[in-house]
Amino acid sequence: MAGKTQGRGWKMAISIGGAFLIPIRLDGIAREAKSNLHEYHKDDMGAGGRKSYCKTCNKELSKEDIVKGLEISKGQVVTFSKEELDSLPLATTKNIEVDRFIQASEINPLSYETTYYLAPDEVGVQAFNLFAEGLKKLKKVAIGKVAVRQRESLCVIRPNNGGLVMSTLYWANEMKDAPQVPKSEVTTTQLDLITQVIGKFSKPFNHGDYSDKYLDALNKMAQDKLAGKTVSIAATQAQPQQSLEDAMRALVEK
């Protein structure tokens, strides 16, 4: 697997044609979500936690008790050390092996999995910037393969705010078929109304306009309970049923 650096991320390289190497660092794009809501033992309010147990002997396991293994057949498991896994003879354990360049529109948006920031290693700054500018100028993205987190993944590298990001993609055989959607007749009046609704609510997207309100509501409920207030349990109330056209007109005229 890719080598973890002492700081953040993995130390790797972008490899184009097995000859042009761009040393990079790979780092997850999202911060780990934090919450003040934890689990407690209801009898003594001791903090709870996640523990691992062996399904055979029901013994609680520590990190030192756990090894990685592959089940070859029923009951036959081959285990591997970290050093053995790191030495797998795959180019993608050390490099992002670029295979081709395509238009981003050729990728099914549903196939995107996890996204990482790419940053140049000290000796690769010029090559990194050159590669980013080339992709930007041609409006292309790079397709390749990479091995991270004990698996090889298809991936795409694309320009982003002057830098590069890499997204892993689901393999084609991992993606489920879309559910069958029953068809219904759409009238000209309905289509006109829905386009008006969409037009009314169309405006530029600003990611910062949105935030998670769950924790705020949770803290308020906790403060109310500490203050001895009765917390009302909201019941789901059925709304008067409107016709589809009336509901859309109400939104347009609102």
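- In Asp209, the CG atom is crowded: over 12 heavy atoms of neighbouring residues, nucleotides or ligands sit closer than 6.0 Å.
- Within a 6.0 Å radius of CZ in Phe205, other residues, nucleotides and ligands contribute more than 12 heavy atoms.
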**Request:** Would you please test Asp27 and Tyr116 for side-chain contact (heavy atoms from CB on, under 4.5 Å) and show each step?
**Result:** CA-CA 5 Å; Asp27 190 27; Tyr116 301 86; 6.0 Å; no

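- Taking each heavy atom of Met248 and Gln190 in turn, the nearest pair found is CE-O, 3.9 Å.
- Expressed to the nearest 0.5 Å, how far NZ of Lys200 lies from CD1 of Ile198 amounts to 14.0 Å.
- Here the shortest heavy-atom pairing between Ile102 and Ile143 reads CD1-CG1, 3.6 Å.
- Side-chain N/O atoms of Lys213 and Ser211 include a donor and acceptor closer than 3.5 Å.
- A donor-acceptor pair is defined here as one N or O able to donate and one able to accept, closer than 3.5 Å; no such pair exists between the side chain of Lys145 and the backbone of Ser153.
- A donor-acceptor pair under 3.5 Å links the side-chain atoms of Asn129 to the main chain of Val125, judged by distance alone.
- Ion pairing between a basic and an acidic side chain is recognised when a charged N comes within 4.0 Å of a carboxylate O; Lys11 and Asp121 show such pairing.
- Clustering ILVMFWY residues whenever any of their side-chain heavy atoms sit less than 4.5 angstrom apart, transitively, puts Tyr112 in the very cluster that holds Val141.
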Listed pairs under 3.5 Å, donor-acceptor, residues 163-182 side chains, sequence neighbours left out:
{"residue": "Ser167", "atom": "OG", "partner": "Thr115", "partner atom": "OG1", "Å": "2.8"}
{"residue": "Ser167", "atom": "OG", "partner": "Arg158", "partner atom": "NH1", "Å": "2.7"}
{"residue": "Thr168", "atom": "OG1", "partner": "Glu113", "partner atom": "OE1", "Å": "3.4"}
{"residue": "Thr168", "atom": "OG1", "partner": "Thr114", "partner atom": "N", "Å": "3.1"}
{"residue": "Thr168", "atom": "OG1", "partner": "Thr114", "partner atom": "O", "Å": "3.3"}
{"residue": "Trp171", "atom": "NE1", "partner": "Glu152", "partner atom": "O", "Å": "3.2"}
{"residue": "Glu174", "atom": "OE1", "partner": "Arg151", "partner atom": "NH2", "Å": "3.4"}
{"residue": "Glu174", "atom": "OE1", "partner": "Trp171", "partner atom": "N", "Å": "2.9"}
{"residue": "Glu174", "atom": "OE2", "partner": "Arg151", "partner atom": "NH2", "Å": "2.9"}

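- Within the model, atoms OG of Ser15 and CG of Asp99 stand 11.0 Å from one another, a figure rounded to the nearest 0.5 Å.
- One hydrophobic cluster, built from ILVMFWY side chains closer than 4.5 Å, cannot hold both Val123 and Ile16; they sit in different ones.
- The CG atom of Leu218 sits 10.5 Å away from the CG atom of Asp212 when rounded to the nearest 0.5 Å.
- In this structure, the side chain of Asn206 engages the main chain of Gly208 through a donor-acceptor pair within 3.5 Å.
- Between the CG atom of Asp246 and the CG atom of Leu193 there is a distance of 9.5 Å, given to the nearest 0.5 Å.
- The hydrophobic clustering, which links ILVMFWY residues whose side-chain heavy atoms are closer than 4.5 Å, places Leu138 and Phe131 apart.
- Val146 and Val156 are assigned to two separate hydrophobic clusters, defined by single-linkage of ILVMFWY side chains at heavy-atom distances under 4.5 Å.
- The distance from the CD atom of Glu133 to the CG atom of Leu130 is 8.5 Å, given to the nearest 0.5 Å.
- Between Ile96 and Cys155, the shortest heavy-atom distance links the atoms CG2-SG, 3.6 Å.
- With hydrogens and angles disregarded, no donor-acceptor distance shorter than 3.5 Å links the side chain of Lys225 to the backbone of Thr230.
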**Request:** Output, in order, the C-alpha distance, side-chain angles, deciding distance and verdict of side-chain contact (heavy atoms from CB on, under 4.5 Å) for Asn95 and Met12.
**Result:** CA-CA 5 Å; Asn95 300 326; Met12 304 185 73; 5.7 Å; no

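- Interatomic distance, Leu154 CG to Ile107 CD1, rounded to the nearest 0.5 Å: 8.0 Å.
- Heavy atoms from other residues, nucleotides or ligands lying under 6.0 Å from CD of Glu106 number more than 12.
- Side chains of Asn219 and Gln223: no donor on one and acceptor on the other come within 3.5 Å.
- When all heavy atoms are compared, the tightest approach of Ala132 to Pro159 is O-CG, 4.2 Å.
- If you chain together hydrophobic residues whose side chains sit under 4.5 Å apart, Leu244 and Leu191 fall into the same group.
- Between Ile22 and Ala127, the shortest heavy-atom distance links the atoms CD1-O, 3.9 Å.
- Taking the side chain as every heavy atom from C-beta outward, Ile14 and Leu118 approach each other to under 4.5 Å.
- Of all heavy-atom pairs spanning Ala142 and Phe101, the tightest one is CB-CE2, 3.6 Å.
- Contact check on Asp224 versus Lys220 returns a salt bridge, with a Lys/Arg side-chain nitrogen under 4.0 Å from an Asp/Glu carboxylate oxygen.
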